[in-house]
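First comes the structure, then the notes that go with it.
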Amino acid sequence: MPKKVCVAMSGGVDSSVAAALLVSRGFSVEGVTMRLWGDADRDIADAARVADFLGFPHIVLDLRPAFRAQVVTPFVGAYLGGLTPNPCVVCNREIKFGALYTYARERGCDFLSTGHYARVTLFDGAYLIARGRYPRKDQSYVLYHLPPEVRARILLPLGTLSKPQVRRLAREWALPVAARPDSQDICFIPDGDYADFVEREAALSVRPGDLLDTAGAVVGRHQGFWRYTVGQRRGFSGGFPDGPRFVLSTDPARNTVTVGKNDEVFSERLTVRGLVWATDRHGSRLDTKIRYSARAAASAVTQTGPDSAEVVFDAPQRAVTPGQSAVFYDGDRVVGGGTIVRASV
RNA sequence: UGGGAUGUAGCCAAGUCGGUAAGGCACCAGACUUUGACUCUGGCAUUCCGCAGGUUCGAGUCCUGCCAUCCCAA
């Protein structure tokens, strides 16, 4: 009796290849496409074509209310609170490996599978998320918070493949979506203008405020604190004759943005909340990754409370940003992480 | 209306002995990217260098006048 696996299919190349891989490995596959936001008919149709092509059933799961409540609303709220959220992290936790996982289990699936470029490895009796084999595309960062029962029941077929390999497989197998371009940007903001999105959702308009230097002197104007994130260079009126300035911090209460030169945007330590550990088997010397596209950096991690920890880097990191996730790696294994609430020199 | 200085793209700014407008910031486009950023590449003064004349084959670069701004002296 083959194991039954539910595959999350976005209609894109990655999840389609993941599904094909599972079919080739003898699993009993069922495709599910989540309807999350906006017009998804094209994606749903593409996923259905792939399922049909590969010969397994496909269903659509409408999770729009949950997506709005658990991803979009918090996303807007975070920006208005002066933070820089990572909606993909939240979506993976609450939707893909939350609501969808629950649904898959209820349908009797043994596993849930996605097209993430990450692996699951058995370590000391526990299933842990590990980096994808090909670091360029590694997505383990966005899965750091999966609970143990979920980690034990997910399959990530793309974890040992590179993007070019996946595309090649899609072409070899003549999948109907082989030529689709990669998705990018925030899925619920197709035009990529997140600031405009936040303003529409929150019924705000541009709210100019003072641009400050580290001494507190007004050095320019900005268009509303939510349009800026730590390390950002663009968006200040006029510019500075002696070189660019980068955001050091924002203050939602006063609607101010503090800027400085590039060498001022490095931090040696940070504090996380919402701390989770994937295993107790880890030391304090861990590599910490402070954003999706950052390289994990050597650090010392110390738990300071039930859900908080302090991270001290061997070398200062650029643009440590409150709201982003800090993920702890022991080699290739994801051992924990949390949300950055503060950075300090 | 005594003296001195300056006036080059939105901003800062280089422009030698006159030879056919560096660079930086900002901005725009593209690349990168399942978050926001960063980064990278390209574009960005085709009768134009405060204005008006003049000299010259040719002037931002020399000459004359004017205008504007700043500083000192008042």
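Residue numbers start from 1 in every chain, and the chains themselves are labelled A, B, ... in the order their sequence lines are given, proteins ahead of strands.
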From [atom1] of [X] over to [atom2] of [N], roughly how many Å is that when rounded to an integer?
{"X": "A/Trp37", "N": "B/U35", "atom1": "CH2", "atom2": "C1'", "answer": "16 Å"}
{"X": "A/Ile340", "N": "B/A37", "atom1": "CD1", "atom2": "C1'", "answer": "13 Å"}
{"X": "A/Lys289", "N": "B/U33", "atom1": "NZ", "atom2": "P", "answer": "13 Å"}
{"X": "A/Leu143", "N": "B/U35", "atom1": "CG", "atom2": "P", "answer": "13 Å"}
{"X": "A/Tyr117", "N": "B/U34", "atom1": "OH", "atom2": "P", "answer": "9 Å"}
{"X": "A/Leu158", "N": "B/U34", "atom1": "CG", "atom2": "P", "answer": "13 Å"}
{"X": "A/Tyr194", "N": "B/U33", "atom1": "OH", "atom2": "P", "answer": "21 Å"}
{"X": "A/Tyr141", "N": "B/U33", "atom1": "OH", "atom2": "C1'", "answer": "14 Å"}

At 4.0 Å (heavy atoms only), tell me whether [X] reaches a base, stays on the sugar-phosphate, or touches nothing.
{"X": "A/Tyr79", "result": "sugar-phosphate"}
{"X": "A/Arg227", "result": "nothing"}
{"X": "A/Phe246", "result": "sugar-phosphate"}
{"X": "A/Cys88", "result": "sugar-phosphate"}

May I have all residue pairs that pass ring-ring contact (aromatic ring centres under 6.0 Å, His included) and include part of residues 107-138 of chain A, sequence neighbours excluded? A/Phe97-A/His116
Between [N] and [M], how many Å separate the two [atom1] atoms, rounded to a whole number?
{"N": "B/G2", "M": "B/U47", "atom1": "C1'", "value": "41 Å"}
{"N": "B/C17", "M": "B/C25", "atom1": "C1'", "value": "33 Å"}
{"N": "B/G58", "M": "B/G18", "atom1": "C1'", "value": "8 Å"}
{"N": "B/G30", "M": "B/C38", "atom1": "P", "value": "16 Å"}
{"N": "B/U46", "M": "B/U34", "atom1": "C1'", "value": "44 Å"}
{"N": "B/C71", "M": "B/C27", "atom1": "C1'", "value": "34 Å"}
{"N": "B/U64", "M": "B/G3", "atom1": "P", "value": "16 Å"}
{"N": "B/A13", "M": "B/A45", "atom1": "C1'", "value": "14 Å"}

Please list each protein N or O that sits under 3.5 Å from an N or O in nucleotides 24-26 of chain B, with the distance.
| from | atom 1 | to | atom 2 | distance (Å) |
| --- | --- | --- | --- | --- |
| B/C25 | OP1 | A/Arg233 | NH2 | 2.8 |
| B/C25 | O4' | A/Phe240 | O | 3.4 |
| B/C25 | O2' | A/Phe240 | N | 2.5 |
| B/C25 | O2' | A/Phe240 | O | 3.0 |
| B/A26 | OP1 | A/Arg233 | NE | 3.3 |
| B/A26 | OP2 | A/Arg233 | NE | 3.3 |
| B/A26 | OP2 | A/Arg233 | NH2 | 3.0 |
| B/A26 | O4' | A/Gly238 | O | 3.2 |

Could you check whether A/His222 and A/Asn255, counting side-chain N and O atoms only, form a donor-acceptor pair closer than 3.5 Å? yes
Say whether A/Thr229 and A/Gln232, considering side chains only, have a donor N or O and an acceptor N or O under 3.5 Å apart. no
Is the distance from OP1 or OP2 of B/U34 to the nearest side-chain N or O of A/Lys137 less than 4.0 Å? yes
Would you please confirm or rule out a distance under 4.0 Å between OP1 or OP2 of B/U33 and any side-chain N or O of A/Tyr292? no
A/Phe328, A/Val120: one ILVMFWY side-chain cluster at the under-4.5 Å cut-off? no
Would you kindly confirm whether A/Val32 and A/Leu156 end up in one hydrophobic cluster when ILVMFWY residues are joined by side chain heavy atoms under 4.5 Å apart? yes
Watson-Crick or G-U wobble mate for [N], both contacts under 3.5 Å:
{"N": "B/A45", "value": "none"}
{"N": "B/A14", "value": "none"}
{"N": "B/C66", "value": "B/G50"}

Please determine which of A/Tyr194, A/Phe236, A/Phe246 meets the ring pair (Phe, Tyr, Trp, His ring centres under 6.0 Å) test together with A/Tyr228. A/Phe236
Spell out yes or no: do the side chain of A/Thr321 and the base of B/A37 have one donor N/O and one acceptor N/O closer than 3.5 Å? no
A/Arg35/A/Asp62 salt bridge by N-O under 4.0 Å criterion: no
In terms of side-chain geometry, is the basic nitrogen of A/Asp210 or A/Arg254 positioned less than 4.0 Å from the acidic oxygen of its partner? no
Of A/Gly231 and A/Ala294, the one whose nearest nucleotide on RNA chain B sits closer to the 5' end is A/Ala294
Quick check on RNA chain B: between A/Arg291 and A/Asn262, whose nearest nucleotide comes earlier from the 5' end? A/Arg291
Partners meeting side chain to side chain donor-acceptor pair (under 3.5 Å) with A/Glu201 (sequence neighbours left out): A/Arg68
